[in-house]
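The structure appears below as structure tokens.
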2 protein chains.
Amino acid sequence: MNSQACSAVKRIADSTVRRLSVYLRFLEGSTSRGQSTISSEELAKHGGTTSAQVRKDLSFFGSFGKRGLGYAVPELTESLREILGLQRQWNVVIVGAGKIGTALAQYHGFKSRGFNVVAVYDTDARKIGSKWEGHVVRDVASITSDLGERPAEIAVLAVPADVAQAAVDRLVSAGIRAILNFAPVQLQVPGDVALRSVNMAMELESLSFELTNRDR
Amino acid sequence: MNSQACSAVKRIADSTVRRLSVYLRFLEGSTSRGQSTISSEELAKHGGTTSAQVRKDLSFFGSFGKRGLGYAVPELTESLREILGLQRQWNVVIVGAGKIGTALAQYHGFKSRGFNVVAVYDTDARKIGSKWEGHVVRDVASITSDLGERPAEIAVLAVPADVAQAAVDRLVSAGIRAILNFAPVQLQVPGDVALRSVNMAMELESLSFELTNRDR
DNA sequence: CCTACTTTGTGAATGAATTCACAAGCCTGC
DNA sequence: GCAGGCTTGTGAATTCATTCACAAAGTAGG
């Protein structure tokens with residue numbers, strides 16, 4: 001009945017949220033392709049899932065479609081943005097100015113989606129002060145005072161595994177509320193800090209497993 | 001009874017495999033720290049799970065521990081490697097010599113874990129022929145013939161979203177068996193090709209959702 | 001206005017993954 | 001070699017996620 005994105009009453013599964021993100025990405029393409037309406041079936045086909053799953057995912061947040069017709073692309077796009085909290089800007093700091101860190105700092109997808117990179121940090125004295133894509137690399141030691149002046153909600157962690165936990169502890173005490181971790185370690189964070197990890201080694205090993213144990 | 005990694009009889013969940021990978025990474029650290037034996041409890045603590053989960057995960061593949069004592073670190077490490085198919089070398093090609101692609105090509109974790117980067121590809125004429133970390137960037141058009149001469153099992157895809165599917169189709173027809181995708185699109189692959197996707201936009205949006213809808 | 005056709009939204013049913021709980025096995029000390 | 005203390009391995013119970021299936025609601029055409 002309600003086409004407003006109401007605040008979640010029951011716990012929403014992470015898998016659901018990730019699919020919403022996939023739907024949104026496809027919808028943004030649909031808009032530019034000039035499609036004005038879309039069915040759960042079509043959304044499912046391009047999101048690698050089933051139409052029932054699409055409808056169930058959306059149903060957790062309200063009722064966005066018209067029976068017999070499908071979903072209006074602009075309205076659904078807007079609703080998904082609202083659900084995912086993308087109608088505001090988020091300030092992001094990148095910690096670690098190595099290969100991955102600098103690649104990320106230049107990643108176009110940040111800015112275009114409301115994630116502002118406000119600072120890049122490193123511990124290497126040779127890197128501190130140098131400039132990348134408009135960001136001066138700053139000393140990790142100044143994170144706490146910097147965040148006091150100019151708060152950021154999200155940190156992207158791209159440092160070696162052996163210093164990752166120390167960096168996390170520093171970020172957490174400086175008031176960071178979410179961390180996207182690229183270091184191949186399991187990090188400990190307080191319950192009120194959100195954490196996601198991208199672990200290339202894990203993905204490769206999972207592929208290795210699948211290639212090895214393919215049912216045959 | 002059997003401490004051999006027997007071939008999987010029932011389908012193993014992806015979540016299980018990913019945890020095995022986490023256990024393995026911690027064990028490799030334990031070895032260097034000189035610890036000779038480890039309990040499921042300790043493994044769980046550092047893997048962000050529970051001891052029952054650890055034991056259940058391992059039980060799918062055999063029986064590796066000693067009751068009352070725990071798991072012998074070197075033996076379990078070896079068994080996990082075997083389970084994950086890491087006792088052999090895998091040849092990897094990287095497609096896309098942009099920011100992410102080059103960062104990945106230089107990623108130390110590849111070589112040290114048995115994943116040999118055998119080639120880097122791009123379509124940009126200005127990049128083709130240039131050299132990065134011992135790899136000459138080659139023309140995507142030569143993938144098929146290259147793979148005929150020197151096969152690779154795994155491709156890492158780091159190209160823009162709009163050309164990703166075309167690259168996948170080419171790789172699949174050239175005989176690639178597994179793809180690790182960094183492009184923010186849902187890719188279509190035949191059932192016998194393994195696919196994992198790392199999607200930064202999705203991770204950030206999932207954090208955004210969590211920050212926005214924190215139960216409060 | 002009525003019929004035929006679509007597609008959503010959602011309880012109920014199924015299936016999958018995690019947690020519980022405890023018997024079985026191993027080590028240590030006496 | 002026996003008692004006491006740990007820790008594994010695993011069915012059973014539970015929790016969580018996906019799929020099914022269909023009533024409800026919309027469109028279109030006559």
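Predicted model only: the values in this text are computed from it and were never measured. Convention: sequence-line order gives letters A, B, ...; per-chain numbering from 1.
Rounded to whole Å, the distance from CG on A:Asp57 to P on D:dT19 is 10 Å. Look at CD on B:Glu41: it is 8 Å from P on D:dT8, rounded to the nearest Å. The distance between atom NZ of B:Lys56 and atom P of D:dT15, rounded to the nearest whole Å, is 16 Å. Between the CZ atom of A:Phe64 and the P atom of D:dA25 there is a distance of 19 Å, given to the nearest Å. For the pair B:Leu43 CG and D:dT8 P, the interatomic distance rounds to 9 Å; values are reported in whole Å. Whole-Å rounding puts the B:Phe61 CZ to D:dT10 C1' distance at 16 Å. Remark: P of C:dT18 and CD1 of B:Ile12 are 12 Å apart, rounded to the nearest angstrom. Rounded to whole Å, the distance from CG on B:Leu76 to C1' on D:dG9 is 14 Å.
For the pair B:Ser39 and D:dT7, the criterion of a side-chain N or O lying under 4.0 Å from OP1 or OP2 is not met. For the OP1/OP2 pair of C:dT6 and a distance below 4.0 Å, the side-chain nitrogens and oxygens of A:Tyr71 include no atom meeting the criterion.
Screening residues 100-118 of chain A for salt bridge (Lys or Arg N to Asp or Glu O under 4.0 Å) gives A:Glu28-A:Arg113, A:Arg113-B:Glu205 as the qualifying pairs, with residues at least two apart or on separate chains. Applying the salt bridge (Lys or Arg N to Asp or Glu O under 4.0 Å) definition to pairs two or more places apart or across chains, those involving residues 50-69 of chain A are A:Arg19-A:Asp57. Residue pairs satisfying the ring-ring contact (aromatic ring centres under 6.0 Å, His included) criterion with at least one member in residues 35-55 of chain B, sequence neighbours excluded, are listed as follows: B:Phe26-B:His46. Pairs of residues two or more places apart, or lying in two chains, never qualify as salt bridge (Lys or Arg N to Asp or Glu O under 4.0 Å) while including a residue from residues 96-109 of chain B. The ring-ring contact (aromatic ring centres under 6.0 Å, His included) contacts involving residues 173-201 of chain B comprise nothing, where partners must be two or more places apart or lie in separate chains.
Evaluation of the side chain to side chain donor-acceptor pair (under 3.5 Å) rule for B:Ser197 yields B:Asn181 as partners, not counting sequence neighbours. Residues satisfying the salt bridge (Lys or Arg N to Asp or Glu O under 4.0 Å) test with A:Arg196, not counting sequence neighbours, are A:Asp14, B:Glu210.
For DNA chain D, the neighbouring residues in residues 13-21 of chain A, judged by any heavy atom under 4.0 Å, are A:Ala13, A:Ser15, A:Arg19.
Listed here is the closest heavy atom pair of A:Ala201 and B:Arg25: CB-NH1, 3.6 Å. Across all their heavy atoms, B:Thr37 and B:Ala72 have their closest contact at OG1-N, 4.3 Å.
Note on A:Thr50: only backbone sugar-phosphate atoms sit closer than 4.0 angstrom, heavy atoms only; bases stay farther off.
Two residues, A:Gln53 and A:Gly68, neighbour DNA chain D, and the one matched to the more 5' nucleotide by heavy-atom proximity is A:Gln53.
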Are any protein N/O atoms closer than 3.5 Å to N/O atoms in nucleotides 21-23 of chain D? If there are, list each pair with its distance.
unit_1, atom_1, unit_2, atom_2, d
D:dA21, N6, A:Arg55, NH2, 3.4

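Comparing D:dT10, D:dG26, D:dT8 by their closest approach to the side chain of B:Ser59 singles out D:dT10. Minimum atom distance to the side chain of B:Lys66 is reached by C:dC26, of the listed D:dT8, D:dT19, C:dC26.
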